[in-house]
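Remarks on the structure that follows.
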Amino acid sequence: MQMKPDNWNLKTDQAIKLQNQLRSRLISSLPEGFELQTLAGVDVSFPGPGVGLCVIVVLSAVTGEVLEIAHHSMKVTFPYIPGLLSFREGPIFVETVTRLKVKPDLYFFDGQGIAHPRGLGLAAHMGLILKKPTIGVAKSHLFGHYEEPGNEKGTWSPLKDDKGGIIGAVVRTRAGKKPVFVSPGHLIDVEHSIEYTLKYTTKFRIPEPTRLAHLWTQKLKKSL
DNA sequence: GCGACAG
DNA sequence: ATCTTGTCGC
């Protein structure tokens, strides 16, 4: 039986089963004739217990100019459990994305893509719902084996699963600073995930789209 | 049983 | 993620 990727009313054991079923639907290559015109960064903050605030910032892939910012806050019930982040942040993201006028060609998420225990991290799961290319750029490690990458910006080392398959990369986006964990979500491969992550990470360690989304998520949290 | 553990 | 100001350093 086919389950919907946006079924949030599940207990933890059922959520895990859903992830195992959805992983097979992932496509690991860009759509035919893919053209990157607009991209988005997503982030979620928690103004208080049981309340989440999501922000999506859309930028021009050419000029880097901010084209649109959408946000929404609502009650969150699912707890934070490593490996089940999409069930906590997914509902509010899906609600927020409906408020966008511009539909981005690519999304950056603050979390893992397929570099996940069941191959379905936040970025991968949201990609299946969006049916758009998604990339996960996490600030810390969750799953996979790797060697520390070189110390220069742009250097990276592969993230591998238990069988040695490459599921992402540990990328040094800033010399001398902690690397980020990049992995493809849906409709994209590891190589392009690294390429786009480096291309859109300019001044800081985190890609501009998600970095800006995070800034807004913190700013809006205070004005509530 | 003992660690590891996105945000 | 969140609790929290100024401060040392590149």
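All chains are named by letter (A, B, ...) in the order of the sequence lines, taking the proteins before the strands, and each is independently numbered beginning at 1. Excluded from the calculations below are hydrogen atoms, water molecules and symmetry mates; all remaining heavy atoms, backbone and side chain alike, are included.
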Nearest-Å distance, [atom1] ([X]) to [atom2] ([N])?
X: A:Leu53; N: C:dA1; atom1: CG; atom2: P; answer: 13 Å
X: A:Phe46; N: B:dA6; atom1: CZ; atom2: P; answer: 14 Å
X: A:Asp43; N: C:dA1; atom1: CG; atom2: C1'; answer: 10 Å
X: A:Leu85; N: B:dG7; atom1: CG; atom2: P; answer: 8 Å
X: A:Arg88; N: C:dA1; atom1: CZ; atom2: P; answer: 12 Å

Can you name the atoms? Protein N/O to nucleotides 7-10 of chain C N/O, anything below 3.5 Å, with the distance.
none

Checklist entry - What stems, by residue range, does DNA chain C take part in, given at least 3 consecutive Watson-Crick or G-U pairs under 3.5 Å? => result none
Side-chain N or O of [X] closer than 4.0 Å to phosphate OP1/OP2 of [N]:
X: A:Ser140; N: B:dG7; value: yes
X: A:Lys221; N: C:dA1; value: no
X: A:Lys139; N: B:dG7; value: yes

Next on the checklist: Need one value for A:Gly176: base, sugar-phosphate or nothing, where a base atom within 4.0 Å counts as base even if backbone is also close, heavy atoms only.
Outcome noted: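 Counting heavy atoms under 4.0 Å across all strands, no contact is made by A:Gly176.
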Next on the checklist: Using a heavy-atom cut-off of 4.0 Å across all strands, would you classify A:Leu84 as base, sugar-phosphate, or nothing?
Outcome noted: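 Answer is base: heavy atoms of A:Leu84 come under 4.0 Å of a base.
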Checklist outcome for this item: Residues at least two apart in sequence or cross-chain that pass ring pair (Phe, Tyr, Trp, His ring centres under 6.0 Å) with A:His214, listed by chain then number, are none
Checklist entry - If you measure from the Lys or Arg side-chain nitrogens to the Asp or Glu carboxylate oxygens, is any gap between A:Lys103 and A:Glu68 under 4.0 Å? => result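 Looking at A:Lys103 and A:Glu68, the cut-off is not met.
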Item to check | Heavy-atom side-chain proximity of A:Ser157 to A:Arg172 below 4.5 angstrom | outcome: no
Would you jot down, in residue-number order, the residues of [range] having a non-hydrogen atom under 4.0 Å from DNA chain B?
range: residues 144-174 of chain A; result: none
range: residues 181-219 of chain A; result: none
range: residues 112-127 of chain A; result: A:Gln112, A:His116, A:Gly121, A:Leu122

Next on the checklist: Using 30° and 60° as the class boundaries, would you call the ring planes of A:Tyr146 and A:His141 parallel, tilted or perpendicular?
Outcome noted: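 Because their plane-to-plane angle lies in the 30° to 60° range, the rings of A:Tyr146 and A:His141 count as tilted.
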Checklist entry - If Ile, Leu, Val, Met, Phe, Trp and Tyr residues are connected whenever their side-chain heavy atoms lie under 4.5 Å apart, and connections chain through other members, are A:Ile27 and A:Tyr196 in the same group? => result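 In one cluster with A:Ile27: A:Tyr196, no.
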Next on the checklist: Counting runs of three or more consecutive pairs, Watson-Crick or G-U wobble, with each distance below 3.5 Å, where are the stems of DNA chain B?
Outcome noted: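 Looking at DNA chain B, no stem of three or more consecutive pairs is formed.
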Checklist entry - Counting heavy atoms not belonging to A:Lys221, are there more than 12 under 6.0 Å from its NZ? => result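 Yes, NZ of A:Lys221 has more than 12 neighbouring heavy atoms, counting only those of other groups under 6.0 Å.
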Item to check | Flag if over 12 foreign heavy atoms under 6.0 Å of NE2, A:His71 | outcome: no
With a 3.5 Å cut-off and sequence neighbours excluded, list the donor-acceptor pairs that the side chains of residues 46-57 of chain A form with protein atoms.
none

Just list the side-chain donor-acceptor pairs under 3.5 Å for residues 77-96 of chain A, sequence neighbours left out, or say none.
from	atom 1	to	atom 2	distance (Å)
A:Ser86	OG	A:His125	ND1	2.9
A:Arg88	NH1	A:Phe78	O	2.8
A:Thr96	OG1	A:Ile92	O	2.7

Which pairs, protein N/O on one side and nucleotides 1-5 of chain B N/O on the other, fall under 3.5 Å?
none

Next on the checklist: I'd like to check the side chain to side chain contact (heavy atoms under 4.5 Å, CB included) partners of A:Thr38; sequence neighbours left out, ordered by chain and number.
Outcome noted: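 Only A:Val58, A:Leu67, A:Val102, A:Pro104, A:Asp105 meet the side chain to side chain contact (heavy atoms under 4.5 Å, CB included) criterion with A:Thr38.
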Under 3.5 Å donor-acceptor pairs involving side-chain atoms of residues 128-139 of chain A, not counting sequence neighbours:
from	atom 1	to	atom 2	distance (Å)
A:Thr134	OG1	A:Ala123	O	2.7
A:Thr134	OG1	A:His186	N	3.0
A:Lys139	NZ	A:Asp110	OD1	3.0
A:Lys139	NZ	A:Asp110	OD2	3.0

